[in-house]
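This report concerns only the one structure given below.
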Amino acid sequence: MNDTIPLSPPAPAPATPRLPDLRDQSRDDLAARFAEWGEPAYRLDQLLRWLHVHRAASWDEMTNLPRSLRQRLAAVYSLGSLILARLQGAGDTTRKFLWRLHDGSFVESVLIPANPALYGERADRHTLCISTQVGCAYGCRFCASGLDGWKRNLEPWEISGQVLAVERWNASQPRSTEAGTAEAPDRLVNNIVVMGMGEPLANYDALLAALRTLNAPWGAAIGARKITVSTSGIVPRIRQLADEPEQFRLAISLHGATDAVRGRIMPINRKYPLDQLAAACEHYAARKGKMITLEYILIAGVNDDSAQTAPLARLAHRLHAKVNLIPYNKVEGLEWERPGDDRCRAFAEALEAAGCTATLRLEKGHDIDAACGQLRLKTERELAAQP
Ligand code: SAH
Ligand code: SF4
């Protein structure tokens with residue numbers, strides 16, 4: 001896959017600490033502020049439209065707000081936006097965006113065009129895979145995101161802002177797929193998977209705040225059923241998410257159907273073994289009445305032998321879950337390999353034969369969907385190697 005935008009020079013580190021970001025304020029927070037300032041209620045709606053519908057990246061764009069109000073807002077809030085540092089992919093294929101944050105860190109998002117949706121209820125226009133942390137502390141052995149450890153949590157606006165930034169980029173393209181008008185631009189992204197870099201449930205409060213903004217009618221208005229959170233299995237947080245009012249979907253990065261196999265590649269399994277994980281998933285399914293997805297990367301010689309299919313099918317039955325099989329995507333510098341297509345097919349067929357609903361995608365072109373972290377790692381290493 002070729003870069004279509006080369007790496008741009010690093011941003012200077014900010015000299016002063018940032019003010020709270022305007023996009024992290026809920027409608028209620030801002031309503032209280034506007035009431036205190038004696039601003040009429042319609043101004044709030046105008047502001048929210050600039051932020052979440054027109055995806056304004058500067059105060060100057062908010063032309064129908066009085067300059068004095070913009071100055072007042074700028075004195076108490078930052079207006080952050082994500083800077084596109086690198087873009088991979090072309091045409092109608094999957095595109096990977098690398099964003100530079102205000103402190104010079106990088107995170108990735110992956111835009112997946114309409115295809116029979118794996119995580120939604122029907123074929124969707126576009127799915128965006130978003131990140132929640134810079135790096136990851138969980139150290140799954142096969143994953144690029146955790147290779148250099150954890151750097152920091154993303155703030156809510158940096159999580160939800162990935163959707164805005166992709167839509168802003170799309171609207172700026174000469175052949176934009178956006179069909180709306182200047183007054184009411186159409187949305188590009190209508191399905192979200194929180195499967196990018198980082199462990200979303202380890203940045204729980206920011207995740208929830210971001211998802212609520214994406215879900216809110218005054219925000220991106222993306223239905224909770226169109227948002228899937230993927231986790232490596234932080235059991236107490238799965239239970240906590242189950243008790244939230246929203247109907248978010250849940251995907252579990254399983255990758256092993258026995259403690260021996262899972263424990264070898266996912267250190268979190270030592271803290272929360274399969275029994276505890278399964279019980280938390282049952283609680284989630286019972287509270288939400290939703291089907292859980294079990295993500296299962298097939299890694300040659302590690303978890304792709306037939307001994308895993310029976311326990312995997314049993315677990316899927318117990319949780320009324322479907323299994324999403326993903327052939328491993330090779331990570332530079334790691335020893336793990338993708339099994340041959342025949343092995344992958346045989347694994348899927350054994351699951352089907354055991355009465356389990358399993359999907360397997362072997363076609364190329366989707367090979368970056370589930371492997372966030374690699375572009376950032378490559379970029380960090382290129383920058384480190386520069387004189
Ligand atoms: N931390 C969360 C979400 C981010 S990882 C989690 O682990 O669920 C998103 C998915 O990508 C996970 O299922 C993860 O196991 C998978 N993944 C990581 N590296 C991969 C690779 N090299 N090939 C294929 N899938 C990978
Ligand atoms: Fe972190 Fe998920 Fe990668 Fe594991 S698979 S290291 S939890 S991002």
Side-chain angles (χ1 to χ4, degrees), residues 94 96 107-110 112 118-119 127-154 159 162 192-204 207 211 227-235 237-238 241 248-256 261-272 277 280-281 292-300 302-304 321-339 344 359-362 364 366-378:
T94 299
K96 196 180 251 194
V107 287
E108 296 175 28
S109 315
V110 181
I112 306 157
L118 275 170
Y119 304 100
T127 294
L128 189 71
C129 173
I130 58 174
S131 296
T132 51
Q133 298 182 310
V134 182
C136 183
Y138 285 79
C140 303
R141 305 275 181 254
F142 48 80
C143 178
S145 293
L147 265 185
D148 283 353
W150 174 88
K151 192 167 166 198
R152 74 168 170 90
N153 282 337
L154 295 189
I159 300 173
Q162 294 167 54
I192 291 178
V193 291
V194 191
M195 292 192 181
M197 190 188 299
E199 168 48 56
L201 298 190
N203 187 13
Y204 191 91
L207 172 78
L211 296 187
I227 300 177
T228 302
V229 177
S230 175
T231 178
S232 58
I234 305 183
V235 162
R237 297 300 194 180
I238 293 174
L241 191 65
F248 300 126
R249 289 174 181 271
L250 184 67
I252 303 292
S253 291
L254 195 70
H255 313 329
V261 169
R262 193 168 193 262
R264 184 177 158 203
I265 48 179
M266 298 184 71
I268 191 170
N269 198 73
R270 277 178 239 135
K271 185 149 189 204
Y272 303 115
L277 179 58
C281 289
I292 289 175
T293 304
L294 300 177
E295 306 282 338
Y296 197 99
I297 308 178
L298 288 161
I299 310 177
V302 174
N303 64 358
D304 64 338
K322 57 181 173 177
V323 176
N324 185 19
L325 296 172
I326 309 149
Y328 182 61
N329 194 29
K330 180 104 185 103
V331 175
E332 228 178 280
L334 293 182
E335 76 219 69
W336 317 98
E337 299 286 346
R338 172 189 178 122
C344 295
T359 51
L360 167 69
R361 287 186 308 162
L362 287 173
K364 305 274 188 257
H366 294 288
D367 56 345
I368 59 172
D369 297 11
C372 254
Q374 299 196 52
L375 186 59
R376 173 213 171 217
L377 204 65
K378 184 172 157 211

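Remember, it's 1-based here, ligands and their atoms both numbered in the order they're listed. Since this is a predicted model, take the numbers as computed values, not measurements.
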Any heavy atom of G196 closer to ligand 1 than 4.0 angstrom?
yes

Residue pair R249, T293: steps toward the side-chain contact (heavy atoms from CB on, under 4.5 Å) verdict:
CA-CA 8 Å; R249 289 174 181 271; T293 304; over 6 Å; no

Test item: N269 and L277 side chains (from C-beta on) under 4.5 Å apart, heavy atoms
no

Would you mind reporting whether V193 and V110 have side-chain heavy atoms less than 4.5 Å apart?
no

So, for L334 and C143, which heavy atoms are closest and what is the spacing to 0.1 Å?
CD1-N, 4.1 Å

Checking heavy-atom distances from atom 14 (C) of ligand 1 to each of M195, R338, H255, the winner is H255

Out of N329, I297, I130, indicate the one that has the non-hydrogen atom closest to atom 23 (N) of ligand 1.
N329

Please could you name the atoms of ligand 1 that Y328 approaches to less than 4.0 Å, counting only its heavy atoms?
21 (C), 22 (N), 23 (N)

Take R262 and H255, measure what side-chain contact (heavy atoms from CB on, under 4.5 Å) needs, and give me the verdict at the end.
CA-CA 6 Å; R262 193 168 193 262; H255 313 329; 5.8 Å; no

A144 near ligand 1 by a heavy-atom separation under 4.0 Å:
no

Take R264 and V302, measure what side-chain contact (heavy atoms from CB on, under 4.5 Å) needs, and give me the verdict at the end.
CA-CA 9 Å; R264 184 177 158 203; V302 174; 4.2 Å; yes

Among protein atoms, how many N/O/S atoms lie less than 2.8 Å from atom 1 (Fe) of ligand 2?
1

Taking side chain as C-beta onward, heavy atoms only, is V194 less than 4.5 Å from I159?
no

Which part of F142 is near ligand 1, with near meaning a heavy atom under 4.0 Å away: side chain, backbone, both or neither?
both

Can you check which of G233, A251, P327, S230 brings a heavy atom nearest to atom 2 (C) of ligand 1?
S230

Do any N/O atoms on E295 end up under 3.5 angstrom from N/O atoms on ligand 1?
no

T231 side chain near I252 side chain, heavy-atom distance below 4.5 Å
yes

Would the distance check show the side chain of S131 and the main-chain N or O of E108 forming a donor-acceptor pair, the cut-off being under 3.5 Å?
yes

So is there a nitrogen or oxygen of G198 less than 3.5 Å from a nitrogen or oxygen in ligand 1?
yes

Which part of S145 is near ligand 1, with near meaning a heavy atom under 4.0 Å away: side chain, backbone, both or neither?
neither

Quick one, R338 with K330, criterion side-chain contact (heavy atoms from CB on, under 4.5 Å). Give me CA distance, side-chain angles, the key distance, then yes/no.
CA-CA 7 Å; R338 172 189 178 122; K330 180 104 185 103; over 6 Å; no

For Y296, which of D304, N303, N324, I326 qualifies under side chain to side chain contact (heavy atoms under 4.5 Å, CB included)?
N303

Taking only residues two or more places apart in sequence or in another chain, which ones pass salt bridge (charged side-chain N to carboxylate O under 4.0 Å, His left out) with R152?
D103, E158

Should the proximity of T231 to ligand 1, defined as any heavy atom under 4.0 Å, be assigned to the side chain, the backbone, both, or neither?
backbone

Can a non-hydrogen atom of P200 be found less than 4.0 Å from any atom of ligand 1?
yes

Which of the atoms of ligand 1 are close to V331, meaning less than 4.0 Å from one of its heavy atoms?
22 (N)

